[in-house]
Amino acid sequence: MNTEQALNIDELRALALASAQVADSCACEIASYPGWTRTPVSFPQAQMRPAGTLAGDPYAEPTFAEYHPHGTNYWSPDAPVAIHYFPYNRCAVQQCSVCLRYCLSYVEAGGYYVEPRIRALDVRHILDAPALD
């Protein structure tokens, strides 16, 4: 896969299932990021490779609406991964070339800063929530 290959929900689930099979420890420590977190300075970005994207049409503005039907919030480790909602609709999917785990990544762009963020890909949280109209 390349960075521009859009992943559907079934492909994303397959990557998450593959990631769940990895038991080895690794310098990437992807498994220790169950919820969104600032990408640590020590994160070994050089060993990451693109696996696809959840971002849609680059000419359409994706929604900033979040999907939290069970009272979670953006930072919750058990927040749903709903690919049609923020921030997942802006995410890339990356794979560690050493341990083969997958993670979600995107860059939060606030008014005065940019902050790369990552979250481990966990099949238990991937939901097929309907897109907003």
Side-chain angles (χ1 to χ4, degrees):
M1 291 183 210
N2 64 46
T3 56
E4 299 304 315
Q5 182 172 339
L7 301 172
N8 64 38
I9 193 116
D10 293 328
E11 293 166 326
L12 187 65
R13 283 186 177 129
L15 297 180
L17 286 170
S19 195
Q21 299 303 311
V22 178
D24 298 334
S25 61
C26 180
C28 73
E29 298 182 339
I30 287 173
S32 68
Y33 307 117
W36 285 111
T37 190
R38 177 183 321 166
T39 305
V41 174
S42 61
F43 187 74
Q45 190 62 46
Q47 68 192 46
M48 301 304 288
R49 61 182 175 209
T53 184
L54 299 179
D57 180 352
Y59 299 105
E61 180 65 30
T63 184
F64 280 102
E66 296 183 30
Y67 188 76
H68 299 285
H70 301 293
T72 57
N73 64 54
Y74 172 94
W75 299 106
S76 300
D78 58 342
V81 174
I83 65 174
H84 302 295
Y85 293 84
F86 180 82
Y88 308 99
N89 56 5
R90 291 167 166 76
C91 282
V93 180
Q94 297 182 42
Q95 183 184 37
C96 177
S97 62
V98 175
C99 70
L100 304 181
R101 282 186 181 88
Y102 289 91
C103 69
L104 300 163
S105 66
Y106 86 104
V107 176
E108 176 66 37
Y112 297 101
Y113 70 97
V114 294
E115 182 176 88
R117 295 187 179 163
I118 60 171
R119 181 179 182 188
L121 190 54
D122 186 333
V123 72
R124 297 173 298 174
H125 303 303
I126 298 172
L127 291 180
D128 194 7
L132 295 172
D133 292 330

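Keep in mind that the numbers below use all heavy atoms, side chains included, and drop hydrogens, waters and symmetry copies.
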Give me the one residue out of Leu104, Asn89, Ile9, Asp128 that meets side-chain contact (heavy atoms from CB on, under 4.5 Å) with Ile83. Ile9

Mind checking the CZ-SG spacing from Phe43 to Cys103? Nearest 0.5 Å is all I need. 5.0 Å

With distance as the sole test, does Arg119 use its side chain to make a donor-acceptor pair with the main-chain N or O of Pro34 at under 3.5 Å? yes

Rounded to the nearest 0.5 Å, how far does CG of Leu54 lie from CD of Glu11? 10.0 Å

Atom pair NE2/OG1 of His84 and Thr63 - distance to nearest 0.5 Å: 12.0 Å

Atom pair SG/CG of Cys28 and Leu100 - distance to nearest 0.5 Å: 9.5 Å

Least distance between heavy atoms, Cys96 atom then Ile30 atom: CB-CD1, 4.1 Å

So if I apply the side-chain contact (heavy atoms from CB on, under 4.5 Å) rule between Tyr88 and each of Leu127, Leu12, Val81, which one comes out positive? Val81

Validation row: Ser105, Thr39 side chains within 4.5 angstrom (heavy atoms): no

Can you see which heavy atom on Tyr85 is nearest to which on Ala129, and at what distance? CE1-CB, 4.0 Å

Do you know which two heavy atoms are closest between Pro77 and His125, and how far apart they sit? O-NE2, 3.6 Å

Check whether any side-chain heavy atom of Phe86 sits under 4.5 Å from a side-chain heavy atom of Glu66, and report yes or no. yes

Cluster link Val114 to Trp36, ILVMFWY, side chain under 4.5 Å: no

Tell me whether Tyr74 shares a hydrophobic cluster with Ile126, the cluster being built from Ile, Leu, Val, Met, Phe, Trp, Tyr side chains joined at under 4.5 Å. yes

Without swapping roles, check the side chain of Arg90 against the backbone of Pro62 for a donor-acceptor pair under 3.5 Å. yes

Hey, could you give me the OG1/CD distance between Thr37 and Glu115, rounded to the nearest 0.5 Å? 8.0 Å

Kindly say whether Cys91 contributes a backbone atom to a donor-acceptor pair with the side chain of Thr53 at under 3.5 angstrom? yes

A quick test of your reading: do over 12 heavy atoms of other residues, nucleotides or ligands sit less than 6.0 Å from CZ of Arg49? yes

Could you state whether Ile118 and Trp75 fall into the same hydrophobic cluster, counting links through intermediate Ile, Leu, Val, Met, Phe, Trp or Tyr residues with side-chain heavy atoms under 4.5 angstrom apart? no

Are Tyr33 and Met48 grouped together when hydrophobic residues (ILVMFWY) are joined by side-chain heavy atoms under 4.5 angstrom apart? yes

Consider only side-chain N and O atoms of Gln95 and Tyr102, and report whether a donor and an acceptor are under 3.5 Å apart. yes

Can you name the nearest heavy-atom pair linking Arg101 to Val22, along with the distance? NH2-O, 3.4 Å

